[in-house]
Amino acid sequence: MDFQQPQNHQNIETGTVPPQLNHGGHEMFDAHEVLAGAINTMNTYTMLSEHVQDPELRDILQRQKQFMADEYNITLECFKTGQDPSKPTQSYKMKQGNDFTYGMKPSQPKKPMQSATELNDETIALNMLSAVKSVAPVKTGAAMETTNPVVRRVLADSIPNCIEMAYEISLYQNKHGYYQVPQLSQMDMQQMQNGYASAPVQPQMPGQYPSH
């Protein structure tokens with residue numbers, strides 16, 4: 001994706017701010033949280049990778065981890081330089097189909113593991129999902145606080161990737177019976193859908209503004 005090249009900015013106390021220091025205080029702390037969170041997620045994937053049994057889940061884990069590493073490097077580069085990264089951001093493409101199976105069937109109650117030997121693909125997939133989901137709100141908050149235009153765009157671009165990865169994992173969970181999705185009754189769903197109407201939108205001519 002194309003980025004907006006930042007210019008030198010001014011600090012009213014110290015004068016010209018070079019590109020590599022073109023970051024506000026909130027941005028510095030929030031970018032730190034994003035980078036640390038990315039490392040933690042990749043570390044989680046690394047620790048889990050040795051215990052995966054299902055080749056399909058292993059493929060998801062490896063593809064996602066590789067994408068995370070590339071995205072981490074791009075974020076780190078523009079955070080350090082304040083300028084365009086050497087390669088553009090990418091959009092994560094999952095392999096899963098997007099068909100959920102709805103409905104609930106009896107299953108064993110969930111409970112904490114008593115031993116590491118109980119670790120299985122169901123638990124691994126849940127840990128992957130939790131790790132990916134935990135990073136998304138941190139990136140969103142950071143993007144809202146970022147002043148550097150390149151870092152802001154890189155962070156904003158990465159949020160849909162977190163969503164896509166989480167969706168891929170949840171589809172895998174659903175397909176294997178690890179994640180069941182209840183539904184409301186059709187009557188309740190239709191009533192909620194019909195509880196809203198479209199907003200009227202007045203066509204605007206160029207240069208005209210709506211009256212108050």
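Bear in mind the structure is a predicted one, so any value in this text is a computation, not a measurement. What you see below is based on every heavy atom in this structure, not just the backbone, and it leaves out hydrogens, waters and symmetry mates.
- Between D157 and R153 the shortest side-chain heavy-atom distance falls below 4.5 Å.
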Worksheet item: Between Q83 and V150, does a side-chain contact (heavy atoms from CB on, under 4.5 Å) hold up when you go through it step by step?
Response: CA-CA 6 Å; Q83 303 184 67; V150 175; 5.8 Å; no
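- Interatomic distance, CG of D54 versus CG of N120, reported as 11.5 Å (0.5 Å rounding).
- In terms of hydrophobic clustering, with Ile, Leu, Val, Met, Phe, Trp and Tyr side chains grouped at heavy-atom distances under 4.5 Å, I159 and L129 are assigned to different clusters.
- Residues V138 and M144 do not share a hydrophobic cluster, defined by chaining ILVMFWY side chains whose heavy atoms lie under 4.5 Å apart.
- A donor-acceptor pair under 3.5 Å is absent between the side-chain atoms of S130 and the main chain of N127, judged by distance alone.
- A side-chain donor-acceptor contact under 3.5 Å links R58 to the backbone of V52.
- Residue pairs satisfying the side-chain hydrogen bond (donor to acceptor under 3.5 Å, both in side chains) criterion with at least one member in residues 193-202, sequence neighbours excluded, are absent.
- D121 and H51 make their closest contact through OD1-O, 4.2 Å (heavy atoms, listed as atom of the first residue, atom of the second, distance).
- By the ring pair (Phe, Tyr, Trp, His ring centres under 6.0 Å) test, Y167 pairs with F100, sequence neighbours left out.
- Taking every heavy atom of both residues into account, C162 and V135 meet most closely at SG-CG1, 4.4 Å.
- Between the side chain of Q190 and the backbone N or O of M187 there is no donor-acceptor pair closer than 3.5 Å.
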Worksheet item: side chain to side chain donor-acceptor pair (under 3.5 Å) between S158 and N161: does it pass, once the steps are laid out?
Response: CA-CA 5 Å; S158 71; N161 294 326; over 6 Å; no
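- Across K95, E168, M94, a single residue satisfies side-chain contact (heavy atoms from CB on, under 4.5 Å) together with I60, and that is E168.
- A search for ring pair (Phe, Tyr, Trp, His ring centres under 6.0 Å) contacts involving Y172 returns H176, not counting sequence neighbours.
- Taking CZ of F67 as the start and NZ of K93 as the end, the distance is 9.0 Å to the nearest 0.5 Å.
- Looking at every heavy atom in both residues, A125 comes nearest to I169 through O-CG2, 3.4 Å.
- Using a 4.5 Å heavy-atom cutoff, the side chains of K87 and I74 are in contact.
- For residues 177-186, the side-chain hydrogen bond (donor to acceptor under 3.5 Å, both in side chains) pairs, not counting sequence neighbours, are S185-D188.
- In the hydrophobic clustering, where aliphatic and aromatic side chains (Ile, Leu, Val, Met, Phe, Trp, Tyr) are joined below 4.5 Å either directly or transitively, L184 groups with M189, M192.
- How far CG of N148 is from OG1 of T81: 8.0 Å, rounded to the nearest 0.5 Å.
- Taking all atoms of both residues into account, the shortest heavy-atom contact from E77 to D84 is OE2-O, 4.3 Å.
- Q90 and D70 share no donor-acceptor pair across their side chains, judged by distance under 3.5 Å alone.
- Side-chain N or O atoms of D59 include none that pairs as donor or acceptor with a backbone N or O of P55 at under 3.5 Å.
- Remark: M165 CE to Y92 OH distance equals 5.5 Å, nearest 0.5 Å.
- With values rounded to the nearest 0.5 angstrom, L119 atom CG is found 4.5 Å from I124 atom CD1.
- Taking 4.5 Å as the limit, some side-chain heavy atom of M68 sits within range of a side-chain heavy atom of V132.
- Under the 3.5 Å distance criterion, the side-chain polar atoms of Q114 are matched with a main-chain donor or acceptor of P112.
- Atom CD1 of I39 sits about 11.5 Å away from atom OG1 of T46, to the nearest 0.5 Å.
- Considering every non-hydrogen atom in both F79 and A31, the closest pair reads CE1-CB, 3.5 Å.
- Using a 4.5 Å heavy-atom threshold, the side chains of L35 and T75 count as touching.
- Looking at every heavy atom in both residues, C78 comes nearest to V151 through O-CG2, 3.7 Å.
- Applying the 6.0 Å contact sphere to CD of Q191 captures no more than 12 heavy atoms from other residues, nucleotides or ligands.
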Let me have the donor-acceptor pairs involving side chains of residues 103-111, under 3.5 Å, with sequence neighbours excluded, atom names and distances please.
unit_1 : atom_1 : unit_2 : atom_2 : d
K110   : NZ     : E122   : OE2    : 2.4

